[in-house]
Each structure stands twice: as C-alpha cells, then as structure tokens.
Amino acid sequence: MSNGEAGNISLRLLLVEDNPDDEALVLRAIRKGGFNVEHTRVDNREDLLEALKSDDWQIVLSDYQMPEFNGLAALNVVKSRNKDLPFIIVSGTIGEEVAVEAMRNGAQDYLMKDNLTRLVPAIRRELSDADERNALRQARETLRYQALYDEVTSLPNRWLLRDRIGQALAFARNKENNVAVLFLDLDRFKNINDTLGHNVGDMLLKSVACRLKESLFERDTLARLGGDDYIILLTDLPDKKVAEKVAKRLLDSFKRPFIIHEKEIYVDCSIGIAHYPENGDDVDVLIKHAESAMYYAKEQGRNNIQLSSEEIQTATAQRFEIENDLRVAIKASQLRVFYQPQFSLPDGKITGIEALVRWQHPSHGLIPPDKFIPVAEETGLIIPLGEWVLRNAIADMQKMRELGCQPGRIAINLSARQLYHVDTPGMLESVLKDAGIGTDVLEIEITESGIMQNPERAEANLKQMKEMGVSISIDDFGTGYSSLAYLKRFPIDTLKIDKSFVRDITFDKGDATLVQTVIAMAEALQLRVIAEGIETQEQHDYLARFGCDEGQGYMYARPMPCDDLIGFFRDKECA
Ligand code: C2E
Ligand code: CA
Ligand code: CA
C-alpha cells in the first residue's frame, strides 16, 4: 500500500492489475482528479481474496486481461464478497460481448486505458451512489431498531417481544415445553419520577434493565413495555418451578440500592407469572394474565411474586367490568350519596354528617363503595366521581337547611389521588362558592396512609385547603403510621378512631389502651376525636368514659338517603 500525494478527497482503491506501468497511469489520472489515494494492487485470485478481508475499500478498478486472472473472474469474487462495492473495468480493448456480460454481472462501468478522461467522473459518481446507498441502509437500520427496541433502555420493545413470545410458543407446541412470561413492575416508580425528575427516572430504568439482565441467562428475553413495566420471557423450561426461582432471584436483586448521581435509591418490584400452556396459549393472553397476577402481587403487599390463577383471572374480568360500568354510572346518575350523622357523646346532639357514596347498579342493585372506590382510584375515575359526590352533598346540605334542619358540618371522604390532584383545592372552593355556602361547613376525611404516600405534596395541598377554611380529619386513625408527633406537621383538626378498635374496645385491653392514649394525646394537641363504628351502648359508654368527643355508628343511625335523614332530624326534634 502506498500513500498518495495530498489531495482533497481520500480514496481507498483496490486495483486488480498485473502491469506496474498501467498502475502508474491510473494512479496519476486519479490524483490529477483531486483524490488522495491509498491503494493496493493484486493480480490473482488469492491476493484479491486476501485484500477483500479488509472491508474498507471504496472502489475496485480492474484490468481485463491478466496472465493469471481476468476481469470477469475478479468481478465475481468481489461481488460475492461485497455486492455494494463499486467495480469498474479499466482495460485495453474488450469486445462488446464481454462488456455487456460484465455489466450484467454487476460491474458499474468499463473504460479504455487509452482514454481515461471518464475515469475520475466515474469514480466520483460511484462514490456518491455508494454514499447514498449507505445512508439509506443506515436510515433503514435505525428505523428497524426504533421499531423493535426501546429508546431508553435499548431493550426489545413490545413488538419484538411479541414476536419472540410467538416464536417460543410455536416451538413449545411442538416440543411440549413450558414457557413462562414474567410481568415485572417497579413499586412507586411514579413517586421517584415525580420527586427526582424524569432524568433520574430514565437512568433508573436503565440501571434496572442492567440489573435484571445480570440475573438472567443470555437466551432469556428481557423487554420493556414502556413506563416501569418489564417483561421476561423464559423458554424451554424443564418444569414450572424454575420461573418462580428466577422471579425470586430477580426480586432479591432489588435488595441492593441503585446508584444514580452518587445517590442510593431503593426500589422494590412486584412480579406476576403466567405459564404456557396452563394460563393461555396466545401471546396477548399470556401477557395480560401475567399483568393481572402482578397487580395481585402488588395488592398483597409490594415486593411480591404471584402466579396467575383462575381466581385472579375472574377477579380481573370483574374489575374490568366494574371499570366499564362505572364510566357509565357517573354519567347516567346511578350514584347516590347517603349520609350518616355524627353525635356529640356528652349530650347526644348532632354535630355533623358524613357523605358516603353508593352505586345503584341497574342489574347488581346497591353496591357498597368498597367494591368500586378502589377501581375508581386506580383508573382516575375518582376525580370526576369525587367532584360529583361533593356537588350532590352540598346541594343536599342546602336542601336540608331550607327545610329547617341544621346538620352542622359535612364530612367528605377524599382519596389519596384526589389529595394529590392539583385541581382539588380549587374544585372544593368553586363548588362551595357556586352553592353560596361557607367553607367552614366542610370537613375532608383523608387516611393516614393517603398522607404518607407523599408527605410533602400532602402538606402543601392540606395547608391550602386549611387556609380556605376547610377542616381536616384523619380517617381510620390507628391502622397506619399512627404517629401523632409526625402528624403534627399537618394542619389537622380531627382524629377519627378506626372502627376496628371500637369493635374490640370492650374486651381487648390493648385496643382499649390504644384508644385511651389516642384520646389523651389528641386532647394535648387540641384535636377533636370522633369514634366510628359504634354499634353497642357498651362501646358508647367506654368511649364517653375515656373522654371521646364524638361518635358515629349503627347504634345511633345507619347511613341513609337525604330524605330519610330529613325525617331523622324531624323525629329527633320531636323526641
Ligand atoms: P370510611 O370513610 O371509613 O367510612 C365508614 C364506613 O363505616 C362506612 O362504610 C359506613 O357505612 C361504615 N359504618 C358506619 N357505622 C358503622 C358501624 O356501626 N359498624 C360498622 N361495621 N360499619 C359502620 P361504607 O359506606 O361502606 O364506606 C366504605 C368506605 O368507602 C369508606 O370508609 C370510605 O373510605 C369509602 N368511601 C365512601 N364514600 C366515599 C367517597 O365519596 N369518596 C371516597 N374517596 N371514598 C368513599
Ligand atoms: Ca370516612
Ligand atoms: Ca373510617
């Protein structure tokens, strides 16, 4: 190989030529054309094959007649190795037939040695054509890549995954093998994304991908479906237990923190497993069942593994039905608000009412909130549902007032999702304003676990509501974090002792002590205490003795529709 003199464009040339004089002739013409040429000359098949081992040639110029070789044979060798490498025959006179055959076999051009004026333009043209082909190929490759791989983690995406599962199933059908699909979802990833930013979120997704890969074999497929959902495809399993073992290993790998920007981040995950053939024999069905098993795992407490089962599949189908029906229910006025009065324990006077939603389903009858509120929360339907409840409760409140009843405060349950929704304080304010009712009649009930999901955001939103004049009550107190000291940082007015403690207060010393302690601490912090779920006189007496301010429960009144409540007020007045 020899370096040419300085020129503008560099050219790596493979020259098939036996005659050094002709070599010099060709090189001179090329250099004159402004190329900085690097070249190798060969004149037989072996040397040509050797030279083609390097693939950075840009063009081949070949003589036709050589003692040990000829142009057509050289052309076949070159094209069989790299059909995109431009090949130009530069020779003495060749017959027209040879020229036609050369072109037919893939040569780009042929020139006469005694007239090289077309040589440089031909090289330029071929280089530019080759560039174009390259750019096109690259664009096609990029497109193919983007269509099949996830941008953030470079893992196979949904489409490539479906293809791989399809192949695995076809293979397993013939061999009667087991295939498992694992659906892995990070616990509380949204929180990390929201608090630390998308950039950190993306880096975490990448690190998770690497961590998972370390725990898998080369032949297993790890894919990302988007969001924080990963899928692992395990094929050729000797028995079903293996998938569980792999899932356990994956779960364990999350015990170590992820290091992002030198910061340790701990995340857990939940994994659902679906098996072929037990849980389905179709790509989408398997993914769906693995996903619903994952949700089940999450519900059982995070950081968990769950195998798909018939019960889970039925429960998922029912949930799906509820979700669909619930969308209709909000629009078709199938929801009802019931009210349960709250009483002052010392004197039995009504102090307020709690709004509790129900669903008058056209075919299933009256459905209690526990059956549909969780679905509404999961799907986000709780936002319109919550606003509907508030509007109706406030309208009923006006109606009661107009009829001369004095229900006092109205307590509305807010789910965590509503608490964190930016529009909630504004929504509360506008509903009350539209009704011309003061904000001081409204009390919102929110659970401890709801607050603890994101204490900073909760604090900000609660403060905003508090400033508007709304009071704040902690519902189901005692079942969660239960640290009054911690809760002090929130603007709380009321503690609502959970009904599970009230239920056992007369015979469980531990519960009785806990209730007493909560009441004493609440008094010290100047919080109002209300006990819910009072069903017996005995429970009432215990709570009154402990100094509990208020009570609510079946003993006094069950939740009831507005009209019944109006009747209840009237009876009470007459009594
Ligand atoms: P919660 O806020 O703890 O409501 C108290 C539940 O206890 C109500 O159940 C009520 O009917 C029931 N209850 C009242 N007195 C007694 C009693 O003496 N004994 C027993 N065993 N239970 C009693 P409900 O109405 O089925 O509501 C269940 C849950 O659904 C509520 O629990 C609340 O978390 C949620 N919920 C209800 N309405 C709404 C709403 O409009 N929005 C939101 N986000 N959640 C709601
Ligand atoms: Ca409540
Ligand atoms: Ca409660």
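Of the possible polar contacts, none joining the His261 side chain to the Lys263 backbone as a donor-acceptor pair under 3.5 Å is found. Checked by atom type and distance alone, the side chain of Arg409 never pairs as donor or acceptor with a backbone atom of Val441 at under 3.5 Å. Here the side chain of Arg336 pairs no donor or acceptor atom with the backbone of Trp359 at under 3.5 angstrom. Side-chain N or O atoms of Arg489 include none that pairs as donor or acceptor with a backbone N or O of Glu459 at under 3.5 Å. Judged by distance alone, the side chain of Asn191 and the main-chain N or O of Arg188 form no donor-acceptor pair under 3.5 Å. Ser292 contributes a side-chain N or O that, together with a main-chain N or O of Lys288, makes up a donor-acceptor pair within less than 3.5 Å. Checking side-chain atoms of Arg249 against main-chain N and O of Ser215 turns up a donor-acceptor pair under 3.5 Å. Judged purely by atom type and a 3.5 angstrom limit, Asn392 uses its side chain to pair as donor or acceptor with the backbone of Trp388.
Shortest non-hydrogen contact noted between Gln342 and Ile353 is OE1-N, 4.3 Å. Counting all heavy atoms, side chain and backbone alike, Asp281 lies closest to Leu169 at O-CD1, 3.9 Å. The two residues Pro369 and Pro374 come nearest to each other via the heavy atoms O-CD, 3.8 Å. Across every non-hydrogen atom of Glu532 and Val502, the tightest pair is O-CG2, 3.3 Å. The shortest heavy-atom contact between Val200 and Ile265 is CG1-CD1, 3.9 Å. Scanning both residues, Leu155 and Ala209, for their nearest heavy atoms gives CD1-CB, 3.7 Å.
Counting heavy atoms from C-beta on, the side chains of Asp185 and Tyr230 never come closer than 4.5 Å. Under the 4.5 Å side-chain criterion, counting only non-hydrogen atoms from C-beta, Leu234 is not in contact with Val242. Between Ile451 and Leu462 there is a side-chain heavy-atom pair separated by less than 4.5 Å. Put simply, the side chain of Pro277 reaches to within 4.5 Å of the side chain of Asn178, judged on heavy atoms. At a threshold of 4.5 Å between non-hydrogen side-chain atoms, the residues Leu419 and Thr424 do not count as touching. In this structure the side chain of Ile305 reaches within 4.5 angstrom of the side chain of Leu251, judged on heavy atoms. Two residues are said to be in side-chain contact when any heavy atoms from C-beta on lie closer than 4.5 Å; Leu565 and Pro341 meet this criterion. At a threshold of 4.5 Å between non-hydrogen side-chain atoms, the residues Tyr554 and Ile534 do not count as touching.
Counted within 6.0 Å of CZ on Phe258, heavy atoms from surrounding residues, nucleotides or ligands total more than 12; the atom is thus considered enclosed. Heavy atoms of other residues, nucleotides or ligands lying less than 6.0 angstrom from CZ of Arg81 number 12 at most. Heavy atoms from other residues, nucleotides or ligands lying under 6.0 Å from OH of Tyr145 number more than 12. The number of heavy-atom neighbours closer than 6.0 Å to CZ of Phe254, taken from other residues, nucleotides and ligands shown, is above 12. Within 6.0 Å of NZ in Lys371 there are 12 or fewer heavy atoms belonging to other residues, nucleotides or ligands. Within a 6.0 Å radius of CD in Glu378, more than 12 heavy atoms belonging to other residues, nucleotides or ligands are found. For CZ of Arg158, the number of neighbouring non-hydrogen atoms (other residues, nucleotides, ligands) closer than 6.0 Å is 12 at most. Other residues, nucleotides and ligands place no more than 12 heavy atoms under 6.0 Å from the CD atom of Glu310.
Between the CE atom of Met560 and the CD atom of Gln340 there is a distance of 8.0 Å, given to the nearest 0.5 Å. In this structure, Asp84 CG and Arg133 CZ are separated by 5.0 Å, a value rounded to the nearest 0.5 Å. Here the OG1-CE distance, from Thr517 to Met521, works out to 8.0 Å after rounding to the nearest 0.5 Å. In this structure, CG in Asp498 is found 4.5 Å from CG in Asp476, a value given to the nearest 0.5 Å. Considering CG of Asp202 and OG1 of Thr153, their distance stands at 9.5 Å, rounded to 0.5 Å. With rounding to the nearest 0.5 angstrom, the CG atom of Leu307 is 8.0 Å from the CD1 atom of Ile312.
Salt-bridge formation is detected for the pair Lys241/Glu244: a Lys NZ or Arg NE/NH1/NH2 atom is positioned less than 4.0 Å from an Asp or Glu carboxylate oxygen. Between Glu323 and Arg327, at least one side-chain nitrogen of the basic residue sits less than 4.0 Å from a carboxylate oxygen of the acidic one, meeting the salt-bridge criterion. Under the 4.0 Å criterion applied to side-chain N and carboxylate O atoms, Asp187 and Lys298 are assigned as salt-bridge partners. Classification of Lys240 and Glu278 as a salt-bridged pair holds, one side-chain N sitting under 4.0 Å from a carboxylate O. Under 4.0 Å is where a charged nitrogen must lie from a carboxylate oxygen, and between Glu354 and Lys496 at least one such pair does. Arg137 and Glu132 are not joined by a salt bridge, as no carboxylate oxygen comes within less than 4.0 angstrom of a charged side-chain nitrogen.
No donor-acceptor contact under 3.5 angstrom links the side chains of Ser128 and Asp131, judged on distance only. Under 3.5 Å, the side chains of Gln313 and Ser308 contain a donor-acceptor pair of N or O atoms. One side chain, Tyr339 or Asp396, offers a donor N or O that lies under 3.5 Å from an acceptor on the other. No donor-acceptor contact under 3.5 angstrom links the side chains of Asn157 and Gln146, judged on distance only. A donor and an acceptor atom, one from each side chain of Gln306 and Gln300, are nowhere located under 3.5 Å apart.
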**Steps toward salt bridge (Lys or Arg N to Asp or Glu O under 4.0 Å) verdict (Arg319, Glu299)** = CA-CA 14 Å; Arg319 234 186 154 82; Glu299 265 172 29; 3.5 Å; yes
**Item:** Arg558 and Phe338: CA distance, side-chain angles, deciding distance, side-chain contact (heavy atoms from CB on, under 4.5 Å) verdict
**Value:** CA-CA 9 Å; Arg558 290 191 174 247; Phe338 278 33; over 6 Å; no
**From CA spacing to verdict: side-chain contact (heavy atoms from CB on, under 4.5 Å), Thr494, Leu527** = CA-CA 5 Å; Thr494 310; Leu527 301 179; over 6 Å; no
**Asked** Yes or no on side-chain contact (heavy atoms from CB on, under 4.5 Å) for Asp434 and Val431, after CA distance, side-chain angles and deciding distance?
**Response** CA-CA 5 Å; Asp434 291 350; Val431 170; 5.7 Å; no
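Looking at Ile383, Ile382, Leu414, Asn461 one by one, the single match for side chain to side chain contact (heavy atoms under 4.5 Å, CB included) with His421 turns out to be Ile383.
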